[in-house]
Amino acid sequence: MGKLIIDGGERISGDIRVQGAKNAVLPILAATVMADGTSVLENCPKLRDVDKTDLVLERLGCRVIRSGNTVTVDTRGMCDCRICEDLMREMRSSIVFLGAIITRCGKAVVSMPGGCPIGLRPIDLHLKALSELGVDIQEEHGYIKCSASKIHGADIHLDFPSVGATENAMLAAVCADGVTTISNAAREPEIIDLSIFLNSMGAQIHGAGGNVIAIRGVDKLHGARHTIMPDRIVAATYLAASAATGGDICLRGVNPRDMDAMLYVLREMGVRLRCEKDKIIQTAPERLKSVHTIRTMPYPGFPTDIQSPFVALASIARGTTVFVENIFENRFQNVDELIRMGADIKTEGRTAVVRGVKELQGANVVARELRGGASLVVAALAANGTTSLSGVELIDRGYENIEKYLLECGAKIRRE
Ligand code: EPZ
């Protein structure tokens, strides 16, 4: 496993243009298969998860060409409707291909995606929405076999505003016979970005970003060109890294309006923030203040994906912060690595009590999943001494070239 070696204590200050959003580009790449033609995606981040999704597209018979941050997908050669087990197990977010492949081919076969370190990750809401649209679903031998002679419009209600289930329902409904409504839909900005791309392909989607999405089925979609939205979680991670080290940072190419809950907490912790149209300028105090309680919630609440980096931030703040993780059942597992660095954290189920300490110490730590790994980077940058962080491949799933951006902001960091 690759490592990041970080000598902590340097102020993280400078200027970063934030990458495109992983959680927008993945469903949008899946959506390209619904048109028999070529789509061009700009501001596409260079991530392991994007590479894996490109591989799924190629296994389906599509051509994928990357040039810098532009990815071109030509789906005219698509000749398969199955996603094999190894790819599904490696990248569970491929489940969102289900709705897209069914729309294109009238059938799809994927292996059960399985869980991941942060939780069981069931897909019952995905399958319920697809079956309400008229998709016949057989689950056998660990595979999900879907077929639909004709997908018809339906009034879908999601028991929980699941991001993936909302996306799968949208992808399966865009060419359905009739009108579909999705109520209690996920409201994340990435859902809006997907709907913008789908409408540019010729779909008729209204209300994305609200809790009821209406989709009028159309006969056919065509390829389209789209610029991926900025990654709000990566942006907040860099704000946390700078705030943890008392730095001053400017983020460009961001959308501050997507980040209200995270910026609110940062302000409560004592940073000064100035937001412009596509820019955020942050100045951090010598030492942050704790926030009483942080609860993760579906958008527009505090995002679960930034919980781990903010636990690292709270671990050196003055005072105690209580985190309640309401979205995933196992998202505090990087806490024991933070404790190795001197953090004072007690977890009990979905709650973590973080008592701020004056200083963390560098140590040998291991990343076990993407955002926990990012949390250890934030801690290592603030720690006194050197940290050897193994499992950097997990961080590469969601952060493009993390050491390059941090180096440019004064970090002493290298990849081994
Ligand atoms: C998306 O995952 C993101 N991934 C996650 O980001 C993010 O944490 C999550 O949304 C919540 O915002 C991508 O977009 C690729 P959910 P998803 O369906 O769609 C339960 C990261 O670090 N649920 O909204 O899988 C589920 O168990 C990743 O970038 C069901 O019960 O999340 C969880 O408790 C991690 N049944 C909750 O809903 C279902 O059928 C939220 O899941 C589906 C979900």
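If you're wondering where the values come from, they're calculated on a predicted model, not measured in any experiment. As the structure lists them, so they are numbered: ligands from 1, and atoms in each ligand from 1.
Only the side chain of S93 comes within 4.0 Å of ligand 1, counting heavy atoms alone; its backbone N, CA, C and O stay farther away. Neither the backbone nor the side chain of E329 comes within contact range of ligand 1; no heavy atom lies under 4.0 Å. Of all the heavy atoms of T304, the ones lying under 4.0 Å from any atom of ligand 1 belong exclusively to the side chain. Contact annotation: for V163 versus ligand 1, heavy atoms closer than 4.0 Å belong to both the backbone and the side chain. Contact annotation: for H126 versus ligand 1, heavy atoms closer than 4.0 Å belong to both the backbone and the side chain. Under 4.0 Å from ligand 1, the heavy atoms of R331 that appear belong solely to its side chain.
Geometrically, ligand 1 and L26 share no nitrogen or oxygen pair separated by less than 3.5 Å. The shortest N or O to N or O distance between I327 and ligand 1 is below 3.5 Å. When only interatomic distances are considered, the shortest N/O to N/O separation between N23 and ligand 1 falls below 3.5 Å. Not one N or O of F160 is nearer than 3.5 Å to an N or O of ligand 1, by distance alone. For a threshold of 3.5 Å applied to N or O pairs, the pair formed by E167 and ligand 1 contains no separation below that value.
Looking at L98 and H126, their side chains never come closer than 4.5 Å, going by heavy atoms from C-beta outward. Considering only heavy atoms from C-beta on, L60 stays 4.5 Å or farther from C81 through its side chain.
When only modelled atom types and interatomic distance are considered, E400 and N69 share a side-chain donor-acceptor pair under 3.5 Å.
Exactly one residue among L198, I101, T75 makes a side-chain contact (heavy atoms from CB on, under 4.5 Å) with M34. That residue is L198. With K128 as the fixed residue, the side-chain contact (heavy atoms from CB on, under 4.5 Å) test singles out one of I156, I123, D159: D159.
Within the structure, ligand 1 has P122 among the residues with a heavy atom less than 4.0 angstrom away. Under the 4.0 angstrom criterion for non-hydrogen atoms, R92 is in contact with ligand 1.
Aromatic ring centres of F310 and F302 lie closer together than 6.0 Å.
When every heavy atom of A203 is checked against every heavy atom of L221, the shortest pair comes out as N-CD2, 3.6 Å.
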